[in-house]
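Structure first, commentary second.
Counting starts at 1 for both ligands and their atoms, in listed order. All values below come from the heavy atoms of this structure, side chains included, with hydrogens, waters and symmetry mates left out.
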Amino acid sequence: MHPELLTRLGLASADDALFILPSRYEDRTRVTPIGALLPGQRAVIEGEVQLSEVIFRRRRALLVRLSDGTGFLNLRFFYFSRAQAEGLARGTRFRCFGEVRRGPLGLEIVHPEYRRLAAQPEPLEAALTPIYPLTEGVTQGRVRQLVDRALGKLAASGATDLLPRRVVESLQLPTLREALRFMHHPPVGTSLEELAAGTHPAQRRLAFEELLAHQLSLQLLKRTIQSDPAAPLADAAGLAPRFIASLPFPLTGAQARVLAEVDADLTLARPMVRLIQGDVGCGKTVVAAAAAARAIGSGGQAALMAPTELLAEQHFRSLSGWFKPLGVTVALLTGSLPARTRRSALEATASGEVQLVIGTHALFQEGVQFARLRLAIVDEQHRFGVQQRLQLKEKGRHEDLVPHQLIMTATPIPRTLAMTAHADLDVSVIDELPPGRTPVRTVVIAEEKRASVVARIHAACQAGRQAYWVCPLIDESEELRCQAAEETAATLAAALPEVRVDIVHGRMTSKEKERAMQAFKAGKTQLLVATTVIEVGVDVPNASLMVIENAERMGLAQLHQLRGRVGRGAQESSCVLLYRGPLSPMARARLATIRDSNDGFEIARRDLELRGPGELMGTRQTGLADLRVADLIRDADLLPQVRDTAEELLRENAACIGPLKQRWIGGAEAYGRVG
Ligand code: ADP
Ligand code: MG
C-alpha cells in the first residue's frame, strides 16, 4: 500500500480505509427509460444517437440527441475533441451516466460519462456505487481501490467487533464486518432513500460505534484533566459569603442551586470541570464571581477569560466594582494594553499581588505566570476548544496542583444532546431569569419599511430610552463590515438629527471601543450602531430597542444572543428583525422561531430541528459536527445506550478503547493526547 496516500487520507493503517465511509451513493445497477427521467436524478441511460451537431450559442458546444424509444435526451459537451465528436455520430448506441437537468431544449446531461455499447448486452454494476468524501489530491478511483483492497482482506483484518457481545445482541444490529461490507457495496435493490435517511441497520451499527468512540474520547479527556490533584478551596477568609451579602440583589433560586453545585466541587481535592449553561441574562457572571471569591478567600488566585476584549473590559469593570470594596486586587490583562501597564500587571500576577485577573482567551496562550492559580473561569465556551482546556490545565499547574475549571456558556443545547456533546464536563443549568425582567417583544419587518423603523428609534430616544442598530452581515470581511456600519451610522445620523449616534466595530482600537461603550452606558449617546462585536455579554440596562438588519442571514443562536442585549431593565423592550425578501420557507420558519420564543433552550431545540447539529454552536468544538455516519438528532435514541456502554468499557474493558478511537477519530489530535 502507498504509505504516502495513507498519510494524506489521515490513515494509520490500510485497515483504517474500511472506515472511510461513502457520503452518498449512485445507482448504476439499472437503466432508466428516458421517458421516466426526472430533473435532478443521476441515472444510467441507454439510447441511440439521432442527431449530433456543434452549435454556437454564447459558447461552442457539442449537442448530441439520444433516443431510446420512450423519449429524447440531450447530451451537452463544452469541451470535446474532434475524435470525440466523430465517435458520437448518428446511429451509434451508448450507455451514459450523469445528472439530468432541465435544459433549453428539454432534459439534458452536461458532460455525461459515456461508453459505446457493443452488439451483445453488457452487464451493469452489481451494487450501488459508493461516492467517498474526497481529500485534496486523492481521486474517487484511488479511494475506491484502497477500500476494495481492504475489503478483500476483511476476514483477516483488524476490523473486529470491539463492542461487548451483549450490546450488539441487544441492539439487534449486524456485525461490524457485515455492516462495513454493506456500506461500501450496498447490493442491488437497496433503496437510495433509505440510505440517504441513514436508518439502515448497517448504518445504525456503525453510528453506534462512532458515537461510542466520541463519547469515550470526551470522557477520557475529563479523566486526563482530573488526573492531577487540585487544591480544595475552603474559603477560610469567608470572602464568598461576604461577596454575596454585598450584592445589591439576592441570588435567584437557580443561581443559588448552581453555586451550591460549584461549591461542592471546589471543596474537593480533584479539579472541577463544570459547565454552567444558562440563557442570556440569567446571571452567570455573579455565580462565577462567587466561585472566584471562594478561590481568593482560600488564599489563591482566580482568572476570568472572555472571548473578546470588549467583554473582558466589561467584566473587569463590573467585577472591580464588586470586589474592590472587599479589598480584592483585580487586574485587566489584554493584548492592547500599553506595554508598561501590561508589564506591571504581568508582574503583579506572577508575584501573587493580583488576586483576580481578567483577560481574553489569549491569557493562556501567552507567557502569563501565576503565583497560585486555583480557579480558571472561561466565559462563552463555544469559542474555546478542547485543546485550549488542556493547555489551561498545564499553564495553571503549580507545585503539582492544577486549577479548577469553570466554563460558562450562553448557547444552551437540549439536554439529550448536552449529555453527549459535553461528556467531558459536569453540567449545571441556570434555568431562571432574575425577577423584574419583561420579555423582549420581537417583530419581523421587511426592509422596505425601514423608514417606519427609523421613526420608532426617534420616538424611543425622545422618550429617554436607548437603542442598538446592528449592521448587516454583508460580507465575510471585517473591513467591509465595519465600512457598512460606518455608512449606516452616517445615514442614521442624517435621518435623526436630534439623536446622538455613535458607533462600535471590530476595526476600532480597544480604547475607542471602550470609550464608545462607556458613553453609551452613561447615556451620553442614544443610538449605538454596531457590528456583531456586541453579540456577547454587553450589558446596558437602559437600552430597550434593538434593530437587526439582514436578520434572515444570521444563525438563530446569534440572533438570540444579540437580542439578549436588550430586555435587561424593567421597561418593555423590543427587537426589530429587518429582512430582505423574498424569504425561503426555511428562513421564514427560523425568523418565526425567534419572534415567537424568548427561551434559549426552546430556540436551540427548534434550530436543531431546522438545521441539524453541525450548525449548533457548542457542538462544533467537540468534533461532533464532523461525524461520518452518525447524526446526533437522527440517532438520538442510541445515545443512552452509547453512554452506558462507554462507562462499561472504561470500567471493564479499557483495552478496546484505543482501537475504537483510532478507527473513528484517528490520529487527528482534536482531542489532545488523551487516553
Ligand atoms: P449572563 O448570564 O448573560 O452572562 P449576566 O451575568 O451578564 O448574564 O447578568 C445579567 C444582568 O443581570 C447583570 O446586570 C447582572 O448584574 C444582573 N443580575 C444577575 N443576577 C441577578 C439577580 N439575582 N437579581 C437581579 N439582577 C441580577
Ligand atoms: Mg455573560
Side-chain angles (χ1 to χ4, degrees), residues 240-241 243-260 262 274-293 304-323 325 358-361 377-384 406-413 427-440 466 468 517 520-522 532-544 546 557-571 573 598-601 603-604 617-618:
F243 165 73
I244 291 164
S246 76
L247 288 171
F249 45 73
L251 295 184
T252 62
Q255 283 172 319
R257 174 175 47 74
V258 168
L259 182 57
V262 169
R274 188 167 286 279
L275 175 75
I276 300 184
Q277 272 204 75
D279 210 345
V280 284
C282 72
K284 295 180 285 292
T285 319
V286 176
V287 175
L304 169 59
M305 289 174 287
T308 63
E309 291 206 344
L310 197 60
L311 199 51
E313 276 149 18
Q314 184 182 291
H315 277 320
F316 175 66
R317 227 173 309 110
S318 48
L319 276 94
S320 299
W322 289 330
F323 277 117
I358 295 163
T360 54
H361 292 168
I377 303 162
V378 182
D379 195 7
E380 312 294 350
Q381 178 245 9
H382 61 268
R383 308 203 186 160
F384 197 76
L406 182 63
I407 293 151
M408 300 186 271
T409 176
T411 44
I413 58 176
V427 180
S428 294
V429 181
I430 303 183
D431 51 5
E432 181 186 350
L433 292 180
R437 301 267 171 91
T438 13
V440 179
Q466 289 170 282
Y468 295 101
M517 286 315 299
F520 189 62
K521 197 159 190 167
T532 48
V533 291
I534 60 155
E535 176 187 340
V536 280
V538 170
D539 188 28
V540 180
N542 191 47
S544 60
M546 172 173 280
Q558 191 178 26
L559 284 172
H560 182 60
Q561 278 288 316
L562 280 167
R563 179 175 58 180
R565 303 306 114 220
V566 293
R568 303 197 145 224
Q571 79 269 47
S573 296
N598 266 298
D599 175 348
F601 282 94
I603 291 168
M617 290 178 173

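The closest approach between P250 and ligand 1 falls below 4.0 Å for a heavy atom of the residue. A heavy-atom separation below 4.0 Å is found between C282 and ligand 1.
In this structure, D279 does not pair ionically with K284, as no charged nitrogen and carboxylate oxygen lie closer than 4.0 Å.
The shortest side-chain heavy-atom distance between Q314 and I358 does not fall under the 4.5 Å cut-off.
Atom-to-atom distance recorded for L275:CG and M408:CE is 10.5 Å, nearest 0.5 angstrom. How far CG of N542 is from OG of S573: 9.5 Å, rounded to the nearest 0.5 Å. Interatomic distance, CG of L259 versus CD1 of I244, reported as 5.0 Å (0.5 Å rounding).
When the heavy atoms of T252, T285, L311, V540 are ranked by distance to atom 6 (O) of ligand 1, first place goes to T285.
The aromatic rings of F520 and Y468 lie tilted to each other, with the angle between the two planes from 30° to 60°.
Polar contact with ligand 1: absent for P435 (N/O pair, distance under 3.5 Å). The distance criterion of under 3.5 Å between nitrogen or oxygen atoms is not met by W322 with respect to ligand 1. Polar contact with ligand 1: present for G283 (N/O pair, distance under 3.5 Å). Residue G281 places at least one N or O, backbone or side chain, under 3.5 Å from an N or O of ligand 1.
Counting heavy atoms closer than 4.0 Å to ligand 1, residue M408 contributes nothing at all. Contacts with ligand 1 closer than 4.0 Å are made by backbone heavy atoms (N, CA, C, O) of L251 only, the side chain lying farther away.
Side chains of N598 and H560: no donor on one and acceptor on the other come within 3.5 Å.
Shown in contact with V280 at under 4.0 Å from a heavy atom are these atoms of ligand 1, numbered in order with element: 3 (O).
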